[in-house]
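First the proteins, then the strands, lettered A, B, ... as listed; each starts at 1.
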Amino acid sequence: MGKLLSNPKVLIAALIAVAILFTSFLGGAVGAGLGLGFLGGPIPLIQLPAEYIVEIGGYQLMNTFVMFWLAMLVLLILTFLATRKMKDVPGRWQNLFEAFFEFFIKLAESAAGGRKGRMFLPVVTAIFLGVIASNWLGTLPGVGTIGRIETVEEFLEVKIVKELKALGASDLAKDLKKQGLPAFIEEHVGNHEVEEAITDVFAEHAEDKFVVFNGSSGIGLIPLGRGEDFKVRLNQVVQRPSDFSAHDMELFIEQAEHPRFLAGVQHDELEATDLEGARVGLLVPYFRGASTDLNTTLAIAIFAMVSVQFWGFRNLGVKGYGGKFIFNPITKPIEAFVGVLELIGEFIKIISFTFRLFGNMFAGEILLIAMGFLLPLIGIIPFLGLELFVGAIQAAIFSVLTLIFGSIAIIAHDHGHEEEHGAHGAEPEAQH
Amino acid sequence: MEALGITLPGLLTQLISFTILVFVLYKFLYGPITRMLDERAERIKNSLEAAERARTEAASSAATVEQEMVKARQEGQRMIADAQEAARRASDQIAERSRLQAEEIIARAESEIGQQRDAAIEDLRREFAGLAVLAAERIVERELDVARHQELIDRVLEEGLSSRNN
């Protein structure tokens, strides 16, 4: 060690590394406790559902859909590269995919016994490629961090429009969309339906947390608070002029007719000055790893299990495959019960597929965010490697499990024999 | 479901997207690559089989050549042996024949000699008888004395022999 440090290059590198570590430590969450934390990023709001980027005629385009389409695009490009000039002596992309398919062909043939294992491969390999592409794209920088800030005002507007529509006041909803929330509330003070809609929305989302942004940095989280007093001028709270001083803030709070909502704004950790010029809202990232959305994982799981059922029916016939689940409950009560359990098991498999992939990838995303806060700049690096590993493993698990379930589904249950035995056994019993 | 973010439009979107992905990958990636792999495996298998075939063919033709040579060698040896046998038989035959001929010649000669001797003996006997008769006639005609008889017999024999020698 001493010898190594006597080398000036190594010494300098070590010093730089220590300096970076120190800076990162002080700039991160720990340093923030000491009044430093200069590298702190915006506090993100972690939520299970994906965020929508735009809403087109009631259809919400989620950021995870965009990522999945990006993954598809990447796979398409790789497909093009691999199959553009097919040669006997393969190029590097062709070689990669040949090795990949070779691996899966061997696996499938050993799992299903012979060439019929190949029928699983189009689905199984597509699952692997689709999942690994979405997982790995999810670790790219910018995913989950580049986006727009949806202010509380915009958030409430969308919710109130929905509520008004639910209440059957679509005219009012249209007005709200046209005017924007502050002007709309100003105009419709005392309107019973508007009051009801706003009260409902506040009641529903009182516990929802919003991020207080200072510039592009999130400096705190506040709950929306109760909003029985809907007459509050929301835009004053969430979007204040930049020359709004601390004194103004105090005055504003004193004069406010809606103490409960403002109580929400005045969160314990936030000084009134912290709110100066701040916007309150949510970061809506434009990109979010496709596997961190349950819609994606559920869709792939459904596709996989439907394929498994399809393989089962195609190989064993309706009677052969259905006979694994449905028995005559009078002659064979135990089998009938087990069959029902098996049938439920098929649905459980969908759920386990869905949450296995989602859980791993979502947890990974949160882990990266947490490390980004604990040790900014460098803390994320080893965990990025871990995420790549987990992404590949999850893709392998998903596809290989599909393969295994498929090969189990095409194994004939020695049903014919059992039925014969059952028929013979049933007769004497009937005589008793 | 709402809290988990699962929505029907979202689920349908991802289902359709994934179905398209499966189809596209099957059509443009899985199909061509596995076809390529299968073709290559087939070709390698064929060429290996051809090589194997050529090797067995070469081995079998070498064996045939070897067999032919052995056969030829055996044939040659057999022919030599046959020739030797034939020659031996021929020489035996010739020797036998010449022996027989010699024996025949000897036998003939012997029988001829015998015949001649018999004939000579017969002649001699006949002549002796005649001479004896003659001598007896002469003895009877004259007075006999030993000296004269002896002289007479000698003369007769001498005459007889000389006449025989003539």
Taking side chain as C-beta onward, heavy atoms only, is A:R118 less than 4.5 Å from B:Y30?
yes
Contact origin within B:V22 toward chain A - heavy atom pairs under 4.5 Å:
both
Got B:R35 and A:M86 here, is their nearest side-chain heavy-atom distance under 4.5 Å?
no
Taking the side chain as everything from C-beta on, heavy atoms only, tell me whether A:W69 gets closer than 4.5 Å to B:L21.
no
Give, for atom CG of B:L29 and atom CZ of A:F101, the distance between the pair rounded to the nearest 0.5 Å.
4.0 Å
When rounded to the nearest 0.5 angstrom, what distance separates CD1 in B:I33 from CH2 in A:W93?
12.0 Å
Among the listed options B:P32, B:G31, B:S17, the residue most often paired with chain A at heavy-atom distances under 4.5 Å:
B:S17
Quick one, A:I127 and B:F18 - any side-chain contact, counting heavy atoms below 4.5 Å?
yes
Contacting region of A:T79 [heavy-atom separation from chain B under 4.5 Å]:
both
Any side-chain donor paired with an acceptor under 3.5 Å for B:Y26 and A:T125?
no
Test item: B:T13 and A:F68 side chains (from C-beta on) under 4.5 Å apart, heavy atoms:
no
Please examine the side chains of B:L15 and A:N295, heavy atoms only from C-beta on, and report whether any two atoms are closer than 4.5 Å.
no
